[in-house]
A.B. asks: 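The structure that follows is given in the form of structure tokens.
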2 protein chains.
Amino acid sequence: MTNPVETRTTRKRQSILAAATELFLQRGFLATNMDEVAAIASVSKQTVYTHFGTKEALFLEIVTGMTGEAGDELEGQVADPVDGRPIEDFLLEFAEQQLAIVMTPRLMQLRRLVIGEAERFPELGKRLHAKGPGRSIGRLTKAFAHYSESGDVEAEDQRAAASFFNWLVMGEPVNDAMLLGDRAIPDADALRSHARESVRIFLAAYGRRP
Amino acid sequence: MTNPVETRTTRKRQSILAAATELFLQRGFLATNMDEVAAIASVSKQTVYTHFGTKEALFLEIVTGMTGEAGDELEGQVADPVDGRPIEDFLLEFAEQQLAIVMTPRLMQLRRLVIGEAERFPELGKRLHAKGPGRSIGRLTKAFAHYSESGDVEAEDQRAAASFFNWLVMGEPVNDAMLLGDRAIPDADALRSHARESVRIFLAAYGRRP
DNA sequence: AAATCAAACTGTACCGTCCAGTTTGATTTG
DNA sequence: CAAATCAAACTGGACGGTACAGTTTGATTT
């Protein structure tokens, strides 16, 4: 974390990033024009170009930045399971946190943007996949390895099990939001009960036999 | 189904549709230009405009057409469950058919396209949602109502159960393909075993208690 | 007679560059 | 310490070049 000194240059830079982020998220890459970025940022167009070089570079900086931040947040929120913690507790907290963090308008817009530009910028798709579902599934896999030892989870392919759990939780809300827009994002209560049922299903299939 | 007579006009029309479909799917709405549509269709630009009026109209015609076709296909492939058919058979066939029909490059490209343009054309997103997941979940709900009577399924909220089953099956493959491109589409064998495990998980959670 | 064609044309949007002059903040000088 | 100096960042506006949706025209085909 570098110290963001409040100089004119850094102020302008932030202002440009903020303006461009809104426009790109809302309109996509092609439909965003640099004159408007400069106008909304209250900055001359030349300043935009001295800071970021090209439209494409500005776009990449914004999108890669946002994907990184989002991936980091979940990491910090839910600790890996410690010995003795019931798997049900761990999974429920994991699911609730993930839903709370991911199911926001900004992240859904980002995801739509990346999917829409996946042909033009394949790197972005790979990055978002790695930082998003890839990371979650990786952490779950680790957790399932842990819970396998105690016999709380029984899965031949732990990574596959992790992926199923992930999409039990995220499948419906994410895909509805992709097609129906931000208004399809469920409220917090709905997300919590969705998380509960996801955990129940998963443990019925992979949990300790009664 | 109207009879597509082979006149010059209909030939030209089909040619335009084919060319525009490829370009839109591959590049998106804004990055597609009408001169190239005409060129690839081997048609003069004016002909494109007499047939479709505007770029937007052509786009909408293509996308709504494709969404409809895809939705219809599954309908025809898997019959609703008849009395006495084991739920496991029905679900497995349903899942396999759905994966086989949906997990194709064309439909994944269509989905990316619609998601990317969801802000500009919200109607398309709603339509694809209704014809895709909405329709599948509707049919599954009906099936679960049927299997509830025989006690083969136990679910308080049958629609929620249907949605969970749907995303157990479609979640991972669809979302991987969205972000990683057509190369992430699993092969037929992988899809079948994915379907089997999805059914197993679902029945462990909602099936008849042993 | 209707459909189609090729090609030129219109109008507009927009990326990226250029440039003359101003602001800012740090450094040097008297 | 205050004035002078300086480099870098910034402004505003103009502009070249290109791309492209949609129209017009006048000839050709079916």
Side-chain angles (χ1 to χ4, degrees), chain A residues 2-63 113 116-117 119-121 124, chain B residues 2-64 113 116-117 119-121 123-124:
Chain A
T2 60
N3 184 15
V5 199
E6 259 282 328
T7 148
R8 179 177 58 160
T9 304
T10 61
R11 267 201 315 276
K12 299 282 177 188
R13 189 187 175 84
Q14 289 311 314
S15 173
I16 294 166
L17 283 174
T21 301
E22 292 318 304
L23 290 174
F24 280 136
L25 283 181
Q26 195 174 343
R27 304 188 188 172
F29 178 71
L30 286 178
T32 297
N33 79 69
M34 298 296 270
D35 289 292
E36 201 174 353
V37 170
I40 293 184
S42 306
V43 144
S44 85
K45 203 160 103 167
Q46 185 59 246
T47 301
V48 176
Y49 277 93
T50 49
H51 274 302
F52 296 100
T54 68
K55 184 184 184 181
E56 194 167 309
L58 176 57
F59 182 73
L60 291 174
E61 176 125 349
I62 285 174
V63 176
L113 178 61
E117 306 291 351
E119 201 88 25
R120 206 190 316 271
F121 304 104
L124 292 184
Chain B
T2 58
N3 184 14
V5 201
E6 261 279 330
T7 100
R8 179 176 58 159
T9 304
T10 61
R11 269 201 316 276
K12 298 281 179 191
R13 188 186 175 85
Q14 290 311 313
S15 174
I16 295 166
L17 283 173
T21 301
E22 291 319 303
L23 290 174
F24 280 136
L25 283 181
Q26 194 172 347
R27 305 188 187 171
F29 179 71
L30 285 178
T32 296
N33 78 69
M34 298 294 271
D35 288 293
E36 201 173 353
V37 170
I40 294 185
S42 306
V43 143
S44 85
K45 201 172 160 186
Q46 186 53 42
T47 302
V48 175
Y49 277 93
T50 50
H51 275 301
F52 297 100
T54 68
K55 183 184 185 181
E56 194 166 309
L58 175 57
F59 182 73
L60 291 174
E61 176 126 349
I62 286 174
V63 177
T64 57
L113 179 61
E117 307 291 352
E119 201 87 27
R120 205 189 317 270
F121 304 105
E123 275 314 310
L124 293 184

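Letters A, B, ... mirror the listed sequences (proteins, then strands); counts begin at 1. None of the values given here were measured: they were computed from a predicted structure.
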A.B. asks: Using a 4.0 Å heavy-atom cut-off to protein, can you give one letter per nucleotide of nucleotides 12-19 of chain C, 5' to 3': B if the base is in contact, S if only the sugar-phosphate is, - if neither?
C.D. replies: --SBBBBB
A.B. asks: Which atom pair, heavy atoms only, marks the closest approach of B/Ser15 to B/Ala41?
C.D. replies: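 Result for this residue pair: OG-O, 2.7 Å.
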A.B. asks: Give the minimum heavy-atom separation between B/Ile62 and B/Ala20, together with the two atoms involved.
C.D. replies: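 Closest heavy-atom pair between B/Ile62 and B/Ala20: CD1-CB, 3.3 Å.
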A.B. asks: Applying side chain to side chain contact (heavy atoms under 4.5 Å, CB included), can you list everything that pairs with A/Ser44, at least two apart in sequence or on another chain?
C.D. replies: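 For A/Ser44, the residues satisfying side chain to side chain contact (heavy atoms under 4.5 Å, CB included) (neighbours in sequence not counted) are A/Gln46, A/Thr47.
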A.B. asks: Determine whether A/Met34 and A/Leu58 make a side-chain contact, defined as any pair of heavy atoms from C-beta on separated by less than 4.5 Å.
C.D. replies: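 A/Met34 vs A/Leu58: side chains touch.
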A.B. asks: Rounded to the nearest 0.5 Å, what separates atom CG in B/Leu113 from atom CZ in B/Phe121?
C.D. replies: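 Taking CG in B/Leu113 and CZ in B/Phe121, the distance rounds to 9.0 Å.
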A.B. asks: Rounded to the nearest 0.5 Å, how far does CZ of B/Phe59 lie from CG of B/Leu30?
C.D. replies: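 Those atoms lie 9.0 Å apart.
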A.B. asks: Please check the phosphate of C/dA3 (OP1 and OP2 only) for any side-chain N or O of B/His51 closer than 4.0 Å.
C.D. replies: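 No.
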A.B. asks: Per the side-chain hydrogen bond (donor to acceptor under 3.5 Å, both in side chains) rule, what does the pair list look like for residues 52-63 of chain B, sequence neighbours excluded?
C.D. replies: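 Qualifying pairs, neighbours excluded: B/Arg13-B/Glu61.
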A.B. asks: Give the minimum heavy-atom separation between B/Ala19 and B/Ile40, together with the two atoms involved.
C.D. replies: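 Heavy atoms only, the tightest pair is CB-CG2, 3.7 Å.
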A.B. asks: Parallel, tilted or perpendicular: which fits the ring planes of B/Phe24 and B/Phe29, with parallel below 30° and perpendicular above 60°?
C.D. replies: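 Parallel, since the angle between the ring planes stays under 30°.
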A.B. asks: Quick check on contacts: within residues 12-19 of chain A, what sits under 4.0 Å from DNA chain C by heavy-atom distance?
C.D. replies: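 Close to the strand, none.
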A.B. asks: Please state whether the phosphate of D/dA9, meaning OP1 or OP2, lies under 4.0 angstrom from any side-chain nitrogen or oxygen of A/Thr50.
C.D. replies: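 The answer is no; no side-chain N or O of A/Thr50 sits under 4.0 Å from OP1 or OP2.
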A.B. asks: Can you measure B/Glu36 atom CD to D/dA21 atom C1' for me and round it to whole angstrom units?
C.D. replies: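 Rounded to the whole Å, the gap is 15 Å.
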A.B. asks: If a pair satisfies side-chain hydrogen bond (donor to acceptor under 3.5 Å, both in side chains) and one of its residues is in residues 18-40 of chain A, list it, with sequence neighbours excluded.
C.D. replies: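 Of all non-adjacent pairs touching residues 18-40 of chain A, those that pass side-chain hydrogen bond (donor to acceptor under 3.5 Å, both in side chains) are A/Glu22-A/Arg106, A/Arg27-A/Glu36, A/Asp35-A/Lys45.
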A.B. asks: CZ of B/Arg11 versus P of D/dT29: gap in Å, rounded?
C.D. replies: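 Rounded to the whole Å, the gap is 16 Å.
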A.B. asks: When Watson-Crick pairs (N1 to N3 and N6-O4 or O6-N4) and G-U wobble pairs (N1-O2 and O6-N3) count only below 3.5 Å on both distances, what is the dot-bracket string of DNA chain D, with | for other-strand pairs?
C.D. replies: ||||||||||||||||||||||||||||||
